[in-house]
Protein chains: 2
Amino acid sequence: MDPIDRPLTDYPRPSVAVDTAVLTVRGAELYVGLVPGRPRLPGAFLHEGETLAGAVRRSLAQKAGLEGVAPAQLHVFDALDRDSRGWVLSVAHVVVVPAESTGALELVPTSAATGLDFDHDAIVEQAARWIRDRYVDHPDPEHLLGPELTLRDLRRVHEAVHGAALQPDTFRRAMLPRLEPTGQRRRGDVGKPAQLFRRR
Amino acid sequence: MDPIDRPLTDYPRPSVAVDTAVLTVRGAELYVGLVPGRPRLPGAFLHEGETLAGAVRRSLAQKAGLEGVAPAQLHVFDALDRDSRGWVLSVAHVVVVPAESTGALELVPTSAATGLDFDHDAIVEQAARWIRDRYVDHPDPEHLLGPELTLRDLRRVHEAVHGAALQPDTFRRAMLPRLEPTGQRRRGDVGKPAQLFRRR
DNA sequence: CGAATAGTGTCTCTTAGACAATATTTA
DNA sequence: TAAATATTGTCTAAGAGACACTATTCG
């Protein structure tokens, strides 16, 4: 009999956890949310009848009061000694939320999120790389901004995600083909009012 | 007590499997290796005390006689109904081997590898995307070719991976900065002998 | 008006892509 | 010599990046 067709009960099974890097942009920096008072990302064990994304949503709802997130998978961490309590695989996830919606999490700049429990340093690093890749080609794929945005708003987000200053004129020309002008302008600030755009 | 700190025994655990797309290039096409006589990728259940990469290596050694591969993770498939035998997560992997080293696997062009068991169609698709991304910027990151190669060899590989013809001159100029000339030429074929290069 | 921000013109440099020409081998 | 392949020259078009200039608002 082919091994893959043997009954499932023949095998001891690992515990499977999810751990999630909740990312957001505030000011000019990329932040990650930690469990209040602890140097670790929010996580939970996968329950029977639940998907991985479901476990992520449950853990974020419980630990941070966050609802309606869309988790993306990063990597499975499987080092045999990664958890002193036993055999635990962790499926790392990333979730991106607007700055107002970080719930009870403690925000720390990703660059300062080191010395975390388990292999959570590596998860933060992978999550930062993941969001950087996402924002190379698209204006705001994770909806960090509301539906109407100016090029300045957008550039601030990209600068925080990218971790470097961007030239306003080059950035504008790169993003314009992917934006829809609303015909409106944002008034009230000093300076020439900026056009408002929608994501295309 | 924080849920993540409860004893592990409180939770029912899933079975965890690995399933691997073994990719290679033969002629002008990208192939994937299937279990002989079955419409599925080689796979196995994760055993206690074993890493995921270890399980991949074990399954490929057992089912195909393949040794010394370096598996890369793609994605965890976790649909609740993906396996009729019960609760099974599958961690999809990809492995790239030279055309001579495909062991006992049955090679099928990736474009023709549809209608496979479980969610293996999706794994093949992701594996093909993965290798395409790997070969965009590097001459031969997965060592599909031997240590000494001509630009023609390299272009054939890229054409197979990319699934499209490439211009010899443009390709040459794109790859040259990433290659080390050996000073040797390959003789014996018709036409001007081509320079031999090494990966830099 | 002056400061601040938005937006455009334009120049340079690099690169991709294509076509053509030259170079060197085998049969 | 003819056919085949390697390699280089060169032109064009597109795009990134930088700098300077103009436009429009608030205080």
Side-chain angles (χ1 to χ4, degrees), chain A residues 25-28 132-140 144-200, chain B residues 25 27-28 132-141 144-200:
Chain A
V25 166
R26 191 166 283 187
R132 249 175 251 135
D133 288 348
R134 293 273 294 167
Y135 273 77
V136 165
D137 259 354
H138 297 277
D140 185 20
L144 277 165
L145 298 170
E148 305 216 323
L149 44 93
T150 67
L151 279 161
R152 181 184 184 73
D153 297 336
L154 198 56
R155 182 160 50 87
R156 279 182 187 288
V157 166
H158 279 249
E159 286 177 337
V161 166
H162 191 65
L166 298 171
Q167 298 237 149
D169 50 359
T170 301
F171 181 78
R172 177 187 189 83
R173 283 186 256 245
M175 285 299 153
L176 267 184
R178 304 183 169 280
L179 294 173
E180 189 101 45
T182 64
Q184 307 286 104
R185 289 175 174 270
R186 174 172 300 167
R187 315 186 65 92
D189 302 333
V190 64
K192 180 171 173 175
Q195 282 187 67
L196 285 167
F197 296 87
R198 257 187 263 281
R199 287 173 280 263
R200 178 161 294 178
Chain B
V25 166
R132 250 175 250 136
D133 289 348
R134 295 271 297 166
Y135 274 76
V136 165
D137 259 354
H138 298 278
D140 185 21
L144 277 164
L145 298 169
E148 305 216 322
L149 44 91
T150 67
L151 278 160
R152 183 184 182 72
D153 295 336
L154 198 55
R155 182 161 49 87
R156 278 182 186 289
V157 166
H158 279 249
E159 286 178 339
V161 166
H162 191 66
L166 298 171
Q167 298 237 153
D169 50 359
T170 301
F171 181 77
R172 177 188 189 82
R173 283 186 257 246
M175 285 299 153
L176 267 185
R178 303 183 171 278
L179 293 173
E180 189 101 44
T182 64
Q184 307 286 105
R185 287 172 176 274
R186 173 173 301 168
R187 316 186 64 92
D189 300 334
V190 65
K192 179 172 173 175
Q195 282 186 68
L196 284 167
F197 297 88
R198 256 187 264 282
R199 287 173 279 263
R200 178 160 294 177

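Please read these numbers as outputs of a predicted model, since none were measured by experiment. Each chain gets a letter, A, B and so on, in the order the sequences are listed, and its residues count up from 1.
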B/Asp137 atom CG is separated from C/dT15 atom C1', nearest whole Å, by 14 Å

Here the residues of residues 190-200 of chain A within 4.0 Å heavy-atom distance, strictly under, of DNA chain D are A/Val190, A/Gly191, A/Lys192, A/Pro193

In terms of heavy-atom contacts, B/His158 and B/Tyr135 come closest through CE1-O, 3.0 Å

Between A/Pro193 and A/Arg185 the two heavy atoms that sit nearest each other are O-NH1, 2.8 Å

Minimum side-chain heavy-atom gap A/Asp153-A/Asp140 below 4.5 Å = no

To the nearest angstrom, the CG-P distance between A/Leu154 and C/dA6 comes to 12 Å

- Task: Look at all strands and tell whether A/Arg173 reaches a base, only sugar-phosphate, or nothing, counting heavy atoms closer than 4.0 Å.
- Result: base

So, does A/Arg172 get its side chain near the phosphate of C/dA6, meaning an N or O under 4.0 Å from OP1 or OP2? no

Looking only at heavy atoms, the pair that brings B/Met175 and B/Leu151 closest together is CB-CD2, 4.1 Å

(request) Taking only Lys NZ, Arg NE, NH1 and NH2, and the carboxylate oxygens of Asp or Glu, determine whether A/Glu148 and A/Arg198 approach each other closer than 4.0 Å. (result) yes

Looking for any heavy atom pair under 4.0 Å, which part of the strands does B/Arg185 touch: base, sugar-phosphate only, or nothing?
-> sugar-phosphate

Atom CZ of A/Arg187 and atom C1' of D/dG27 are separated, to the nearest Å, by 15 Å

Are any non-hydrogen side-chain atoms of A/Leu196 and A/Leu149 less than 4.5 angstrom apart?
no

To the nearest angstrom, the CG-C1' distance between A/Asp153 and C/dG7 comes to 16 Å

Taken to the nearest whole Å, CZ/A/Arg152 to P/D/dT25 is 17 Å

B/Gln167 vs C/dG17: side-chain N/O to OP1/OP2 distance below 4.0 Å:
no

From CZ of A/Arg155 across to C1' of C/dA6 the rounded distance in Å is 10 Å

Is it the case that over 12 heavy atoms from other parts of the model lie below 6.0 angstrom from the CZ atom of B/Arg199? yes

Rounded to whole Å, CZ of B/Phe171 lies from P of C/dA18 at a distance of 15 Å

note: B/Asp189, atom CG; C/dA23, atom C1'; distance rounded to Å ~ 17 Å

